[in-house]
Amino acid sequence: MAALWRGYLRLLEIHPFKVQVASAGILIGIGDCCSQQVVERRGRKHDFRRTLGMASIGVFIVGPALRYWYIFLDSAIKGTRTIDALKKVAMDQTFFAPCIIATFFGTTGLLFGKTPEEIKSKFRNQYFKTLLTNYYIWPVIQTINFTFVPLQHRAFVVNFVAIFWNTYLSWAANKQEQDQEDTKK
């Protein structure tokens, strides 16, 4: 395990952008697998297209967004004192969290062929519940992250912790579809 971590750190140093977006994709894909297998109990009916789509969102949207957001926060608010971390958390939860959740719901809707009305319905039914759940989890994690974790490792910490968050997000993003399938049976 130590050798794997050292390899990761070496790659992160050489290719920070690629490693961070790949990590996001892999960990969001794992979150979707957990959602489908543990929460939804799909078993052999696992939707691999959905997992690939979720991982793609990690690679093309979440990974790059996290990387550049953290760089921006560190340039806007210098330092790692508790007060600095709290300022970063306030900005993160006020601006980034609502935007990335909205982007996530919109992107999953488009990626999986939903109509504009279905996407609007998803927002009405899930967006504020998801944002509220975010506020229960992420301020504490981000305070620790911004206080103790070096900039180059913050996206990894968030993506690792986010396996559980991504399980929830994947479930929330696909909940309406699951409910519709259940009513058809």
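Each residue takes its place number in the sequence, starting with 1. Keep in mind the model is a prediction, meaning the values are calculated, not measured.
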Working for side chain to side chain contact (heavy atoms under 4.5 Å, CB included), residues Phe105 and Ile101: CA-CA 6 Å; Phe105 279 148; Ile101 292 170; 4.0 Å; yes

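- Between Tyr8 and Trp5, the ring-plane angle classifies as parallel under the 30° and 60° cut-offs.
- Side-chain contact between Asn145 and Gln142 is present, with heavy atoms from C-beta onward closer than 4.5 Å.
- Side chain of Ser23 to main chain of Val19: a donor-acceptor pair is present (N/O by atom type, distance under 3.5 Å, no hydrogens or angles).
- Transitive grouping of hydrophobic side chains (ILVMFWY, heavy atoms separated by less than 4.5 Å) brings Ile57 and Leu131 into a common cluster.
- Here Ile14 contributes atom CD1 and Leu9 contributes atom CG; the two are 11.0 Å apart, rounded to the nearest 0.5 Å.
- Of all the heavy atoms in Ile28 and Ala55, the pair that sits closest is CG2-N, 4.4 Å.
- The backbone N or O of Lys129 sits less than 3.5 Å from a side-chain atom of Thr133, completing a donor-acceptor pair.
- If you chain together ILVMFWY residues whose side-chain heavy atoms come under 4.5 Å of each other, Phe164 ends up in a group of its own.
- Annotation: the span from His153 atom NE2 to Gln20 atom CD amounts to 9.5 Å, rounded to 0.5 Å.
- Taking 4.5 Å as the limit, every side-chain heavy atom of Phe96 sits out of range of all side-chain heavy atoms of Leu73.
- Contact of the Ile61 side chain with the Ile100 side chain is registered, since non-hydrogen atoms from C-beta on lie closer than 4.5 Å.
- Once rounded to the nearest 0.5 Å, the distance linking CZ of Phe146 with CG of Asp74 reads 8.0 Å.
- Linking Ile, Leu, Val, Met, Phe, Trp and Tyr residues whenever their side-chain heavy atoms come within less than 4.5 Å places Ile77 and Tyr68 in a single cluster.
- Under a hydrophobic clustering in which Ile, Leu, Val, Met, Phe, Trp and Tyr are joined whenever their side-chain heavy atoms come within less than 4.5 Å, directly or via other members, Phe112 and Phe123 fall into the same cluster.
- Across all non-hydrogen atoms, the minimal contact from Leu110 to Ile119 is N-CD1, 3.8 Å.
- Within 6.0 Å of OH in Tyr135 there are more than 12 heavy atoms belonging to other residues, nucleotides or ligands.
- In this structure the side chain of Leu66 never reaches within 4.5 angstrom of the side chain of Arg154, judged on heavy atoms.
- By the 6.0 Å contact criterion, CZ on Arg124 is enclosed, its count of non-hydrogen atoms from other residues, nucleotides or ligands being greater than 12.
- Taken from CG in Leu27 to SG in Cys34, the straight-line distance is 10.0 Å, to the nearest 0.5 Å.
- Rounded to the nearest 0.5 Å, atoms CZ (Phe160) and CD1 (Ile26) are 13.5 Å apart.
- Under the 4.5 Å side-chain heavy-atom criterion for grouping Ile, Leu, Val, Met, Phe, Trp and Tyr, Val21 is connected to Leu151 within one hydrophobic cluster.
- Minimum interatomic distance between Gln93 and Asn134 (heavy atoms only, all atoms of both residues): OE1-ND2, 2.6 Å.
- To the nearest 0.5 angstrom, Phe95 atom CZ is 11.0 Å from Asp92 atom CG.
- Residues Met54 and Thr108 have side chains in contact (heavy-atom distance under 4.5 Å, counting atoms from C-beta outward).
- Under the side-chain hydrogen bond (donor to acceptor under 3.5 Å, both in side chains) test applied with Asp84, the options Arg81, Lys87, Lys88 reduce to a single match, Arg81.
- The shortest non-hydrogen separation linking Ala24 to Gly63 is CB-CA, 3.6 Å.
- Heavy-atom minimum distance, Met91 versus Trp69: O-CZ2, 3.8 Å.
- Here the shortest heavy-atom pairing between Arg67 and Pro16 reads NH1-CB, 3.8 Å.
- No chain of hydrophobic side-chain contacts below 4.5 Å, direct or via other Ile, Leu, Val, Met, Phe, Trp or Tyr residues, connects Phe104 to Leu52.
- With a 4.5 Å cut-off on side-chain heavy atoms, Trp165 and Thr130 count as touching.
- Residues Asp32 and Gln36 are in side-chain contact: their nearest non-hydrogen atoms beyond the backbone lie under 4.5 Å apart.
- Under the 4.5 Å side-chain criterion, counting only non-hydrogen atoms from C-beta, Tyr70 is in contact with Val158.
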